[in-house]
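Shown next, in structure tokens, is the structure this report addresses.
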Protein chains: 2
Amino acid sequence: MTRSEGSEDGIRLAVSTVILTMRRDGSAAPRIALPLVRRTRAPHAGDWALPGGWLDVREGLAAAAARTLAETTGLAPSYLEQLYAFGAVDRAPGRVISVVYWALLREDLVDQQLAERRSAGVEIENVEWFDASDLPTLAFDHARIVEYAAWRLRNKAGYSRVAQGFLPPEFTLADLREAYETILGRKLDPANFRRQVDATRTLIPTNAFRTGSHRPARLYRDATDVELADRGPLASDETRTS
Amino acid sequence: MTRSEGSEDGIRLAVSTVILTMRRDGSAAPRIALPLVRRTRAPHAGDWALPGGWLDVREGLAAAAARTLAETTGLAPSYLEQLYAFGAVDRAPGRVISVVYWALLREDLVDQQLAERRSAGVEIENVEWFDASDLPTLAFDHARIVEYAAWRLRNKAGYSRVAQGFLPPEFTLADLREAYETILGRKLDPANFRRQVDATRTLIPTNAFRTGSHRPARLYRDATDVELADRGPLASDETRTS
DNA sequence: ACAAAAGTGTTAGAAGTACACCCATGT
DNA sequence: ACATGGGTGTACTTCTAACACTTTTGT
């Protein structure tokens, strides 16, 4: 929001972020949830939109996405990747190009942050979390953008470890499997899942167990030296968000 | 180049394209080649750069890429996809965001076009084709961009049919295999390759054969109703380049 | 006849899938 | 003790890689 609007030729550059997390309501299957911002001004006043803002001249693209994310959720992403640059001529009045990022948040931190803010009486203005499968009317082409982000997440979950972005540093295999199941929308065989993940040699078993119900489950943590997804030559680019 | 330079806040938006084709020199293995433009002005005057220009207000992103491509090569791409939006603060003086596309060209049309132009005495100004594995000094962060495009091509060749973008509508399985081999940089087993491609059911055998050396090879053509690569919800977006 | 590419068959191993079964804990 | 999720074993199918072999042309 730091950027002054308008430019000589009328092309403006915005950065928006599709912020995804996993949410557990009671005992049912977890769902993908994302925060949206209610628009207070025309066009599309009253509709919900992706968090974002105008790009600041001195700010990198990923940094802008991370900043927006922090302003909206108070959190830092556990995964952040550029999604796509949307630039159809008619997508918004006055020619706006949106470079859109997508991010994953740890479910535990989201819950914690929401609880903290609620107890502190801080109501974040116009921000509300929605279930990804039950979205309100979105402004501009944002419905399409969210759809694409969800597709990318499902896709990427098939050949990378992005699902870990929903989890805290230590988690059980059941936690991880549940994350994958939520993303992919289908049940996975616990036995085969276990073998598949430890065939990748990216999880380190700890000596800690999660107790509480039935047989205790071993906690694992990530081999921190490996990225959650292979980005090829772009590997170093987006991690420097500042 | 239609866009007037400069804007209130100094952020300018360029569209560039990594144009890739396959080139056969004699009897050796084909190589990936791409056209570059020699810069005549500072910064980086004398260095080579990706074809591109400023985005016109009334022009879609993919359309701008296609236009640039046509101006540079006189051809229409057989495949065109957005690569990435590069926007590091220090990548160029004065904050330039480049939305970069990558495209594949049919090798036969490239050869034909080059021959036509050469025989007509039309020398395309400052445009030269380079071997992707032997590039000159590139301006800005363009070396990195080309590297990323090559990575994406190799990657995508593994799970889609993009390699067909190098070939004319009718081709032999050896042609197709050679395209894959050039992209992946390794030999493929002809027998297994054959089975794998016809397991996808996307190639239609014709009754024509290519003769000339040894046993004639059957010509195949593409099942035209399927895209070369699955782009999910973005499928329709980029095909409309105008 | 022979070289060389087109095209078919066969087999061994890897990877993915289904599911039976044992283990350890809270209630 | 028993229900339930944690964890192991095993058989089956599917995919992949390697390579021997037959077919069809040009020379």
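Residue numbers start from 1 in every chain, and the chains themselves are labelled A, B, ... in the order their sequence lines are given, proteins ahead of strands. Computed over heavy atoms, backbone and side chain alike; hydrogens, waters and symmetry mates excluded. Everything quoted here is computed from the prediction, not taken from an experiment.
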Next item on the list: Under 4.0 Å from any atom of DNA chain C, heavy atoms only: list the residues of residues 158-181 of chain B that qualify, in numerical order.
Entry: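 Contacts with DNA chain C under 4.0 Å: Ala174(B), Arg177(B).
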Margin query: Taking Glu107(A) first and then Arg24(A), would you say they form a salt bridge - that is, a charged N and a carboxylate O separated by under 4.0 Å?
Written below: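 Salt bridge between Glu107(A) and Arg24(A), a charged N being under 4.0 Å from a carboxylate O: yes.
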Item checked: Asp175(B) bridged to Arg210(B) by N-O distance under 4.0 Å -> yes
Pairs under 3.5 angstrom, nitrogen or oxygen only, protein versus nucleotides 10-12 of chain D, please.
unit_1: dT10(D); atom_1: O4; unit_2: Arg195(A); atom_2: NH2; d: 3.3

Next item on the list: Before giving the answer on side-chain hydrogen bond (donor to acceptor under 3.5 Å, both in side chains), spell out for Arg152(B) and Tyr148(B) the whole-Å C-alpha distance, their side-chain angles and the decisive distance to 0.1 Å.
Entry: CA-CA 6 Å; Arg152(B) 180 97 135 236; Tyr148(B) 182 48; 2.9 Å; yes
Could you go through nucleotides 13-15 of chain D and list every protein N or O atom that sits under 3.5 Å from one of its N or O atoms, giving the distance for each pair?
none

Check: Which pairs count as ring pair (Phe, Tyr, Trp, His ring centres under 6.0 Å) when at least one residue sits in residues 180-211 of chain A, sequence neighbours excluded?
Finding: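 The answer is Tyr180(A)-Phe193(A).
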Check: Are any of the side-chain heavy atoms of Tyr101(B) and Leu83(B) separated by less than 4.5 Å?
Finding: no
Checklist line | Residue met sooner reading DNA chain C from 5', once Ala217(B) and Ala191(A) are mapped to nucleotides | finding: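 Its nearest nucleotide being more 5', the pick is Ala217(B).
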Check: With sequence neighbours excluded, what pairs up with Arg23(A) under the salt bridge (Lys or Arg N to Asp or Glu O under 4.0 Å) test?
Finding: none
Checklist line | Residues which pass salt bridge (Lys or Arg N to Asp or Glu O under 4.0 Å) with Asp111(A), listed by chain and number, not counting sequence neighbours | finding: none
Check: What is the 5' to 3' range of DNA chain C, first to last nucleotide, that sits under 4.0 Å from any heavy atom of chain A?
Finding: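 For DNA chain C, the relevant span reads dT17(C) to dG26(C).
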Check: Just the dot-bracket of DNA chain C, please: which string comes out with Watson-Crick or G-U pairs under 3.5 Å, [ ] for crossing, | for another strand?
Finding: |||||||||||||||||||||||||||
Notebook entry, point to check: What pairs meet the side chain to side chain donor-acceptor pair (under 3.5 Å) rule with one or both residues in residues 213-223 of chain B, with sequence neighbours excluded?
Noted result: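 Output for this query lists Arg161(B)-Asp222(B), Gln164(B)-Asp222(B).
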Next item on the list: Return yes when atom CZ of Arg31(B) has more than 12 non-hydrogen atoms of other residues, nucleotides or ligands closer than 6.0 Å, and no otherwise.
Entry: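 12 or below, so no.
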Nucleotides 22-27 of chain D: which of its N/O atoms have a protein N/O under 3.5 Å away?
unit_1: dT23(D); atom_1: O2; unit_2: Arg215(B); atom_2: NH1; d: 2.6

Checklist line | Test side-chain contact (heavy atoms from CB on, under 4.5 Å) applied to Ala150(A) - qualifying residues, sequence neighbours left out | finding: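 Scan of Ala150(A) (side-chain contact (heavy atoms from CB on, under 4.5 Å), adjacent residues dropped) gives Arg154(A).
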Next item on the list: Only counting residues at least two apart or in another chain, list the ones meeting side-chain contact (heavy atoms from CB on, under 4.5 Å) with Ser78(B).
Entry: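 Residues passing side-chain contact (heavy atoms from CB on, under 4.5 Å) with Ser78(B): Leu104(B), Arg106(B).
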Next item on the list: Rounded to the nearest angstrom, tell me the gap between atom CZ in Phe193(A) and atom C1' in dG5(D).
Entry: 15 Å
